[in-house]
Amino acid sequence: MAEMYIRVAEEENEEPMEIPSEDDGTVLLSTVAAQFPGACGLRYRSPVSQCMRGVRLVEGVLHAPENGWGNLVYVVNYPKGRKMDEIDASSATKIKRGDQKTSDLIVLGLPWKTTEQDLKDYFNTFGEVIMVQVKRDVKTGNSKGFGFVRFAEWEAQGKVMSQRHMIDGRWCDCKLPNSKQGPDEPMRSRKVFVGRCTEDITADELRQFFMQYGEVTDVFIPKPFRAFAFVTFADDQVAASLCGEDLIIKGVSVHISNAEPKHNNTRQMMERAGRFGNGFGVGGFGELSPLIEPKLMDI
DNA sequence: GTTGAGCGTT
């Protein structure tokens, strides 16, 4: 197919910008997001029904409507209907306030038999549950007797933390987990550490997910699987605004922190000193453990 | 095949 452009605008009656399609006639969401940072999809007004229609989106690829893209103006969708600059503005204030947004709660004392469905059914009476986990032994699959829950509303979280819970015949407590007690300190890095990844989350899915916050320049998943990943943004402020957050990707709560280690070990400090030109080269301290090496890459 | 204070496969 010959080179083609589709017309895209931020609002229905604003001047459209022409966005190039791919050879097969599809349009990449990443191409749209390059011009409209934060975009998560497209919609258009159907000439037939006069209703707004969504453009089919499959794994980051936008597919033309039945009769092709035509000369319609496509309107950019943003997550929760918010534009990127609005997200920027609110995330700036979010860092100061730090409240109102929910965080995962640890649920202690669960009966061995309690399942994630049980947890969800129980906690749904307090508010909308957006994540539940029962921690299990990876070998046996037996519950470890604790889990995590995340609510959509701050009010529900407060209520749940303020009381004990009778779940399947045992008293359980819900608290802020230790990992959330102390706030993570922000630093100037374009790269974030994504902890608690599951094996089924692909690099492409990470890229698609994090694109909503800003341009993603790199995604790194160590192989073999080690339950974490790195995501690099074009803008360090985007990276900083995400640090400390628990984000939910494919139903999994991942924890975002800075790619810089909190406490450098001696070798890392010497290595870093070397990178800043004190005369000791990178190779000067022997090979690095593959377990710490990712933290040292192009931060 | 067990258990009962804890803290999420960096």
Side-chain angles (χ1 to χ4, degrees), chain A residues 102-116 118-120 123 129-151 157 160-161 164-185 187 189 191-201 203 206 210 218-232 239 242-265 267-269 271-272 288-299:
Chain A
T102 63
S103 51
D104 297 359
L105 299 179
I106 187 167
V107 188
L108 274 345
L110 289 174
W112 311 120
K113 62 170 200 179
T114 298
T115 65
E116 298 190 339
D118 295 334
L119 272 192
K120 189 164 189 176
F123 284 116
V129 173
I130 57 177
M131 195 272 321
V132 282
Q133 287 179 329
V134 171
K135 288 299 165 190
R136 298 175 182 279
D137 185 288
V138 275
K139 290 208 326 246
T140 66
N142 292 332
S143 168
K144 290 183 177 171
F146 71 95
F148 293 87
V149 62
R150 174 94 159 263
F151 290 94
Q157 169 170 326
V160 163
M161 279 194 296
R164 305 245 290 157
H165 301 272
M166 178 57 72
I167 301 177
D168 290 336
R170 272 182 62 93
W171 285 109
C172 302
D173 296 296
C174 295
K175 312 183 200 169
L176 278 179
N178 288 191
S179 57
K180 292 290 290 180
Q181 300 278 133
D184 313 29
E185 73 276 43
M187 301 193 119
S189 173
K191 181 182 286 194
V192 294
F193 179 89
V194 184
R196 303 200 307 260
C197 287
T198 52
E199 201 159 8
D200 63 312
I201 299 178
L206 286 177
F210 282 100
D218 188 54
V219 174
F220 179 83
I221 299 181
K223 285 183 274 291
F225 175 66
R226 285 205 277 137
F228 64 90
F230 290 102
V231 173
T232 308
L242 292 176
C243 285
E245 301 268 1
D246 287 314
L247 303 175
I248 294 169
I249 306 177
K250 291 174 78 178
V252 178
S253 174
V254 300
H255 186 258
I256 312 302
S257 56
N258 205 280
E260 290 277 0
K262 283 197 181 68
H263 302 292
N264 300 331
N265 64 31
R267 187 189 242 171
Q268 282 174 318
M269 294 204 301
E271 164 66 14
R272 184 159 288 106
L288 293 162
S289 159
L291 285 172
I292 62 170
E293 189 168 13
K295 291 225 176 232
L296 298 172
M297 300 186 355
D298 317 283
I299 295 178

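A quick note: this is a predicted structure, and the numbers were derived from the prediction, not measured. Convention: sequence-line order gives letters A, B, ...; per-chain numbering from 1.
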If you only use heavy atoms from C-beta on, which nucleotide in [options] is closest to the side chain of [X]?
X: Phe193(A); options: dC7(B), dT10(B), dG8(B); answer: dT10(B)
X: Asn178(A); options: dG8(B), dC7(B), dT10(B); answer: dC7(B)
X: Phe225(A); options: dT10(B), dT9(B), dC7(B); answer: dT9(B)
X: Phe148(A); options: dG8(B), dG4(B), dC7(B); answer: dG8(B)

Roughly, in whole Å, what's the span from [atom1] in [X] to [atom2] in [N]?
X: Lys191(A); N: dT10(B); atom1: NZ; atom2: C1'; result: 14 Å
X: Asp104(A); N: dG8(B); atom1: CG; atom2: C1'; result: 8 Å
X: Arg150(A); N: dG8(B); atom1: CZ; atom2: P; result: 17 Å
X: Met161(A); N: dC7(B); atom1: CE; atom2: C1'; result: 16 Å
X: Leu108(A); N: dA5(B); atom1: CG; atom2: P; result: 10 Å
X: Lys175(A); N: dG6(B); atom1: NZ; atom2: P; result: 8 Å
X: Asp200(A); N: dT9(B); atom1: CG; atom2: P; result: 14 Å
X: Ile201(A); N: dT9(B); atom1: CD1; atom2: P; result: 13 Å

Holding to side-chain contact (heavy atoms from CB on, under 4.5 Å), I want the full list of residues that pass it with [X], two or more places apart in sequence or in another chain.
X: Thr114(A); answer: Leu110(A), Pro111(A), Asp118(A), Leu119(A), Ile167(A), Asp168(A)
X: Ala227(A); answer: Phe225(A)
X: Lys144(A); answer: Lys135(A), Phe146(A)

TODO: State which residues pass salt bridge (charged side-chain N to carboxylate O under 4.0 Å, His left out) with Arg196(A); sequence neighbours excluded, sorted by chain then number.
DONE: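 For Arg196(A) the salt bridge (charged side-chain N to carboxylate O under 4.0 Å, His left out) partners, ignoring immediate neighbours, are Asp104(A), Asp246(A).
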Open item on the list: Suppose we screen for salt bridge (charged side-chain N to carboxylate O under 4.0 Å, His left out). Which residues come up paired with Asp137(A), at least two apart in sequence or across chains?
Closed with: none
Select base, sugar-phosphate, or nothing to describe what [X] touches, counting heavy atoms under 4.0 Å on all strands.
X: Leu110(A); result: base
X: Gly195(A); result: nothing
X: Pro224(A); result: nothing

Open item on the list: Donor-acceptor pair, distance only, cut-off 3.5 Å: does the side chain of Glu116(A) make one with the backbone of Val134(A)?
Closed with: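 Pair found, side chain donor or acceptor close to backbone of Val134(A).
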- [ ] Would you check if the side chain of Lys250(A) reaches a backbone N or O of Asp200(A) as a donor-acceptor pair within less than 3.5 Å?
- [x]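 Checking the backbone N and O of Asp200(A) against the side chain of Lys250(A), a donor-acceptor pair under 3.5 Å is found.
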- [ ] Could you identify which residues of residues 134-147 of chain A place a heavy atom less than 4.0 Å from some atom of DNA chain B, listed by residue number, or say none?
- [x] Lys135(A), Lys144(A), Gly145(A), Phe146(A)
Task: Pairwise 5' ranking along DNA chain B for Gln133(A) and Arg170(A), keeping only the more 5' one - done: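 The residue mapped nearer the 5' terminus is Arg170(A).
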